[in-house]
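We name chains A, B, ... by the order of the sequence lines, and we start the count at 1 in each one. What you are looking at is a predicted structure, and each value in this text was computed from that prediction instead of being measured.
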Protein chains: 2
Amino acid sequence: MRLTERKVAAILRQHSYKLTPQRRVVIQAIASNQDHLTPTAIYERVHQHHPSIGFVTIYRTLEILAQLGLICELHAGGSCRSYTISAPGHHHHLICSNCSRVIDFTGCELGKVEQDLSSKTGFRIEGHLLEFIGLCQACQREAT
Amino acid sequence: MRLTERKVAAILRQHSYKLTPQRRVVIQAIASNQDHLTPTAIYERVHQHHPSIGFVTIYRTLEILAQLGLICELHAGGSCRSYTISAPGHHHHLICSNCSRVIDFTGCELGKVEQDLSSKTGFRIEGHLLEFIGLCQACQREAT
DNA sequence: TTCTAAATGAAAAATATTTTCATTTAATAA
DNA sequence: TTATTAAATGAAAATATTTTTCATTTAGAA
């Protein structure tokens, strides 16, 4: 279950960040769709209805949201810096390579792989990055 | 088993790319160590001994090597565009978050997860991105 | 050794990101 | 409500990254 705008706003406030109209708008842009968006794409969306908002504010807001885990940074979808709204708990993403739609999923089943890796290499493993990429149903049809 | 400089050079030639001294040097920079390197880091290394080599050549060479699957692009290690020498077959990477050392591994065991995902979402899955990040033994000791 | 398509380097252009700083404002406290 | 203040904003400049362009050079085939 993805985080709602309301929830993101509440968490921002809990961490004593101010809830400015600009931040609301950025959060809304990200939370109100299923896609992943680059900073530039977010800027463009937001700018249409709020022309006074600056690029710097986008970047600053993204940094805060990412740091609090309220948005996730994706890598497999072409751009290396592309964001989607987060969800509670450990989860990963399935991304449509055509339309950028993002589906969350849980249950990555990597515990055993991680243990094996750790014992074989001596690494203390801190985390992992997992994304699946593919074509969603709509885009499969479209591709004929 | 990682690709050797010799092997990378041979594959380049097989695809009728010219084996220029500049390309050799870039390949060597990447193949001769265990780390992942950004284009800038590669440029700096290469530039020390070959000051005439240009940034553009680095980028162009990286693009070719990546396209042929001779180098892998990593994401979890901080930079979003960082390369390490490839290995034959399906494999993934374990990265030290402190020293950038990269360990390859096989057996990601994601077939079942992929099938589940595919049947639940209707996606035609094209691939996945998997990286583990952690601290290697040397860096664990160093961190006391 | 010659030839030619491919590759190179330098410079400029385009794009992306961060820093700086004067001004504005959200949210607390009075 | 209003005053206060630390935090946030926007604009501009600085920096970093990546791509394009083009005249010159060169690897490798003939």
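Between the C1' atom of C:dT8 and the CD atom of B:E63 lies a distance of 15 Å, rounded to the nearest Å. When rounded to the nearest whole Å, the span between CZ of A:F55 and C1' of D:dA14 equals 16 Å. When the P atom of C:dA27 is taken as reference, atom NE2 of A:H15 falls 16 Å away, rounded to whole Å. Note: CZ (B:R23) to C1' (D:dT25) measures 14 Å, nearest angstrom. Rounding to whole angstrom units, CD of residue A:E44 and P of C:dA16 are separated by 9 Å. As a whole-Å value, the separation of A:I27 CD1 from D:dA8 P is 12 Å. Remark: C1' of C:dT18 and CG of A:L62 are 14 Å apart, rounded to the nearest angstrom. Atom OH in B:Y59 sits about 16 Å away from atom P in C:dT8, given to the nearest Å.
Under 4.0 angstrom from either OP1 or OP2 of D:dT17 there lies at least one side-chain N or O belonging to B:T40.
No donor-acceptor distance shorter than 3.5 angstrom exists from the side chain of B:E131 to the backbone of A:L130, with no hydrogens or angles considered.
Sorted by first and then second residue, the side chain to side chain donor-acceptor pair (under 3.5 Å) pairs involving residues 105-116 of chain B (not counting sequence neighbours) are B:K112-B:D116. Residue pairs meeting the ring-ring contact (aromatic ring centres under 6.0 Å, His included) criterion with at least one partner in residues 15-40 of chain B, sequence neighbours excluded, are absent. Within the structure, salt bridge (charged side-chain N to carboxylate O under 4.0 Å, His left out) contacts touching residues 51-79 of chain A (residues at least two apart or in different chains) do not occur.
The C1' atoms of five pairs define one axis at each end of the helix from C:dT1-D:dA30 to C:dA30-D:dT1, and these two axes lie 40° apart (to 10°).
With sequence neighbours left out, A:K120 forms a side chain to side chain contact (heavy atoms under 4.5 Å, CB included) with no residue at all. In this structure, the side chain to side chain donor-acceptor pair (under 3.5 Å) partners of B:R81, at least two apart in sequence or on a different chain, are B:Y83. Scored by the side chain to side chain contact (heavy atoms under 4.5 Å, CB included) test, B:S118 finds B:I125 as partners (sequence neighbours excluded). The side chain to side chain donor-acceptor pair (under 3.5 Å) test applied to B:H128 returns B:H90, B:H92, not counting sequence neighbours.
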Got a list of side-chain donor-acceptor pairs under 3.5 Å for residues 38-51 of chain B, not counting sequence neighbours?
{"unit_1": "B:T38", "atom_1": "OG1", "unit_2": "B:A41", "atom_2": "N", "d": "3.1"}
{"unit_1": "B:Y43", "atom_1": "OH", "unit_2": "B:H47", "atom_2": "NE2", "d": "3.3"}
{"unit_1": "B:H47", "atom_1": "NE2", "unit_2": "B:P51", "atom_2": "O", "d": "2.8"}

Please list every donor-acceptor pair under 3.5 Å in which a side-chain atom of residues 93-105 of chain A meets a protein atom from a residue at least two apart or in another chain.
{"unit_1": "A:H93", "atom_1": "NE2", "unit_2": "A:H91", "atom_2": "NE2", "d": "3.4"}
{"unit_1": "A:S97", "atom_1": "OG", "unit_2": "A:G134", "atom_2": "O", "d": "3.3"}
{"unit_1": "A:S97", "atom_1": "OG", "unit_2": "B:E126", "atom_2": "OE1", "d": "3.0"}

Close N/O contacts between protein and nucleotides 19-26 of chain C (under 3.5 Å):
{"unit_1": "C:dA26", "atom_1": "N3", "unit_2": "A:K18", "atom_2": "NZ", "d": "3.2"}

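Between A:I85 and A:L70, the shortest heavy-atom contact is CD1-O, 3.6 Å.
When each of B:Y17 and B:R81 is assigned the nucleotide of DNA chain D with its nearest heavy atom, B:R81 is the one assigned upstream, toward the 5' end.
Across all strands shown, B:S52 has heavy atoms under 4.0 Å from sugar-phosphate atoms exclusively, and none from any base.
For the segment residues 64-72 of chain A, the set of residues with a heavy atom within less than 4.0 Å of an atom of DNA chain C is empty.
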